[in-house]
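Down below is the structure, laid out as structure tokens.
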Amino acid sequence: MPVSPALSFQGGISQFCAALRLAEKQWNQVAVDSEEDFPFPELRKFAQIGALSVTLSVANGGLGLHDSRAGMVALADLLRLAGRLNLALGRCLEGHINVVRLVSLYGSAQQRAVLAEYLQHSTLAGIWVTDGTPPVALVQNVNEIRLTGQKGFASAVRVVGVALITARTEQGDTVMVLVPVGEKTRMGPGPGHLTGMSGSGTGSYDFTGVVVPSTNIIGKPGDYLRQPEFSAGAWRGSAVALGGMDHLVHLLLEELRGRDRASNPHQQVRIGEALILRETASMWVRRAAMAACNSHAEAGETVAIVNLARIAVEQAALALIPLVQRGLGVMAFVRGRPVERVMRDLATYLRQPAPDETLTDAAGWFTENEWPEDVT
Ligand SMILES: Cc1cc2nc3c(=O)[nH]c(=O)nc-3n(C[C@H](O)[C@H](O)[C@H](O)COP(=O)(O)OP(=O)(O)OC[C@H]3O[C@@H](n4cnc5c(N)ncnc54)[C@H](O)[C@@H]3O)c2cc1C
């Protein structure tokens with residue numbers, strides 16, 4: 001389903017950053033919509049400033065944000081703003097950008113052009129890799145592949161027009177396949193009613209019987225899991241979570257000021273601690289973004305830095321939530337108030353795969369290797 005009239009960004013990275021700063025000022029006043037609803041108004045706003053296509057390469061009509069440090073800073077700002085406005089929106093935009101990234105890295109020129117064509121029609125893309133029961137598998141004939149199985153956690157399942165999915169081949173390899181989606185009869189409730197992030201419209205999608213041309217396979221077997229991208233791409237999710245922290249800090253300050261409690265010394269301690277947590281997360285996101293675009297670093301180093309950043313942002317956000325609860329008291333627990341909703345959304349959003357392994361793998365790398373000196 002197209003989310004808005006087709007729009008791509010006219011101008012360079014600095015003009016896009018300026019448009020983003022302007023949007024940030026204008027959109028701060030956006031009312032918090034019903035948490036069950038998909039954030040269409042916010043998504044349309046992002047589409048209107050070209051956010052769905054800016055990560056395409058310049059050759060495909062985008063700004064190639066992944067290809068330079070300035071572009072990565074702009075991308076971090078974009079994802080942070082999305083998370084600040086609405087974490088469900090941030091999740092869907094981050095998934096969309098992940099698809100663009102993977103097709104840019106591993107797809108052929110023709111496949112990149114096909115994706116660009118979808119995006120020119122403002123189609124939202126989804127990265128659906130988490131399997132349902134049974135998991136997605138494919139059988140390849142000469143020119144086509146036949147899919148079976150389900151994806152179990154499919155964000156924006158009713159909005160996404162094209163999904164990049166993983167599927168198991170008969171040989172036991174994992175491949176990526178670009179598949180047009182949107183058939184209502186294939187959509188299901190997914191994991192059940194999550195306590196947060198319900199606006200992300202996360203459901204399941206049954207691919208059984210879907211047939212697509214073999215040319216829809218993106219890259220080679222194993223590319224999806226190839227490092228450093230498999231882990232390094234997580235920095236974008238951390239940027240969205242940082243936006244959620246921005247929103248919480250803003251709500252904490254706003255409410256304390258509104259109740260004339262902000263200058264109380266105990267509240268000042270909490271405000272100071274909240275600002276430290278937010279800025280710590282911000283520095284880690286920037287560090288991870290720079291690591292992710294450092295083509296001179298070893299893959300293991302890039303992965304380890306982004307993994308540490310992911311856990312650092314998770315820890316900072318998890319420490320912020322009880323600070324807000326103590327600072328605002330029971331008003332932070334009134335169902336449906338913005339602060340209560342953002343805390344639930346953020347706590348849910350932070351549940352990303354394998355956090356223990358993420359931390360210990362990074363620790364293992366830096367047990368054997370020195371911390372890089374070119375701190376950015
Ligand atoms: C709102 C929302 C939207 C989502 N949208 C999508 C989407 O569009 N597409 C998609 O593909 N996925 C999506 N997901 C799924 C997401 O990518 C993760 O798969 C999911 O959030 C994993 O979280 P988890 O906490 O269950 O992870 P787990 O990895 O299961 O971790 C849970 C705990 O178990 C530990 N653990 C992990 N593995 C082991 C092990 N082998 N042995 C012992 N302990 C272990 C972890 O360290 C952690 O402590 C979404 C999830 C959410 C919440």
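In this text the structure is predicted, and so the values were computed from the model without any measurement. All values below come from the heavy atoms of this structure, side chains included, with hydrogens, waters and symmetry mates left out. Counting convention: from 1, in listed order, for ligands and their atoms alike.
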Exercise for the section: Might you check, step by step, whether the distance between atom 1 (C) of ligand 1 and some protein heavy atom is under 4.0 Å? Expected result: yes
Practice task
For atom 23 (O) of ligand 1, state whether the nearest protein heavy atom is under 4.0 Å away.
Solution key: yes
Problem - Any N or O of D356 closer than 3.5 Å to N or O of ligand 1 - result: yes
Exercise for the section: Name the closest protein heavy atom to atom 32 (C) of ligand 1, giving the residue it belongs to and the distance to 0.1 Å. Expected result: P355 CD, 4.7 Å
Exercise for the section: Determine whether I217 and V211 fall in the same hydrophobic cluster, where Ile, Leu, Val, Met, Phe, Trp and Tyr are linked whenever their side-chain heavy atoms lie under 4.5 Å apart. Expected result: no
Problem - Check: Q111 side chain, T215 main-chain N or O, donor-acceptor pair, under 3.5 Å - result: yes
Handout entry: atom 50 (C) of ligand 1: the protein heavy-atom neighbour that sits closest, reported with distance to 0.1 Å
Key = F153 CD2, 3.4 Å
Handout entry: N or O pair under 3.5 Å between R351 and ligand 1
Key = yes
Practice task
May I ask whether atom 30 (O) of ligand 1 is less than 4.0 Å from at least one protein heavy atom?
Solution key: no
Problem - R112 side-chain N/O to G107 backbone N/O, donor-acceptor pair under 3.5 Å - result: yes
Exercise for the section: Give a yes or no on whether a salt bridge exists between R310 and E314, defined as a side-chain N under 4.0 angstrom from a carboxylate O. Expected result: no
Handout entry: Check: L20 main-chain N/O paired with E24 side-chain donor or acceptor under 3.5 Å
Key = no
Problem - Nearest neighbour of atom 15 (C) of ligand 1 from the list T358, L87, T130, I127, on a heavy-atom basis - result: T130
Problem - Mutual orientation of the aromatic rings belonging to W128 and Y205 [parallel < 30°, tilted 30-60°, perpendicular > 60°] - result: tilted
Practice task
Mark whether atom 4 (C) of ligand 1 lies under 4.0 angstrom from at least one protein heavy atom.
Solution key: yes
Practice task
Flag the pair D77 and R80 as a salt bridge only when some basic side-chain nitrogen lies within less than 4.0 angstrom of an acidic carboxylate oxygen.
Solution key: no
Practice task
Consider ligand 1: state whether an atom of it lies below 4.0 angstrom from any non-hydrogen atom of G95.
Solution key: no
Practice task
Give a yes or no on whether atom 34 (O) of ligand 1 lies under 4.0 Å from any heavy atom of the protein.
Solution key: no
Exercise for the section: Examine S155 against ligand 1 and note whether any of their N/O atoms are separated by less than 3.5 Å. Expected result: yes
Exercise for the section: Using modelled atom types only, decide if a donor and an acceptor are shared between the side chain of T208 and the backbone of G149 within a distance under 3.5 Å. Expected result: yes
Practice task
For M197, take its heavy atoms, then give the atoms of ligand 1 lying under 4.0 Å from any of them.
Solution key: 1 (C)
Problem - Contact (N/O only, under 3.5 Å) between V129 and ligand 1 - result: yes
Exercise for the section: Measure the distances from the heavy atoms of G126 to every atom of ligand 1 and state whether one is below 4.0 angstrom. Expected result: no
Problem - Any protein heavy atom nearer than 4.0 Å to atom 40 (C) of ligand 1 - result: no
Practice task
Work out which heavy atom in P355 is nearest to a heavy atom in I311; give both atom names and the distance.
Solution key: O-CD1, 3.6 Å
Exercise for the section: Decide, yes or no, whether a salt bridge links E42 with R91 under the criterion of side-chain N to carboxylate O below 4.0 Å. Expected result: no
Problem - Any non-hydrogen protein atom less than 4.0 Å away from atom 19 (O) of ligand 1 - result: yes
Practice task
Please check atom 46 (C) of ligand 1 for a protein heavy-atom neighbour under 4.0 Å.
Solution key: yes
Exercise for the section: Answer yes or no: does an N/O atom from A354 fall short of 3.5 Å to an N/O atom of ligand 1? Expected result: yes
Problem - E255/R337 ion pair, N-O < 4.0 Å - result: yes
Exercise for the section: Considering the heavy atoms of W128, write down every atom of ligand 1 situated less than 4.0 Å from one of them. Expected result: 8 (O), 9 (N), 11 (O)
Handout entry: Nitrogen or oxygen atoms of R91 and ligand 1 under 3.5 Å apart
Key = yes
Practice task
Would you please classify the geometry between the H66 ring and the W235 ring as parallel, tilted or perpendicular, with 30° and 60° separating the classes?
Solution key: perpendicular
Exercise for the section: Using a strict cut-off of less than 4.0 Å between a Lys/Arg side-chain nitrogen and an Asp/Glu carboxylate oxygen, indicate whether D131 and K151 qualify as a salt bridge. Expected result: yes
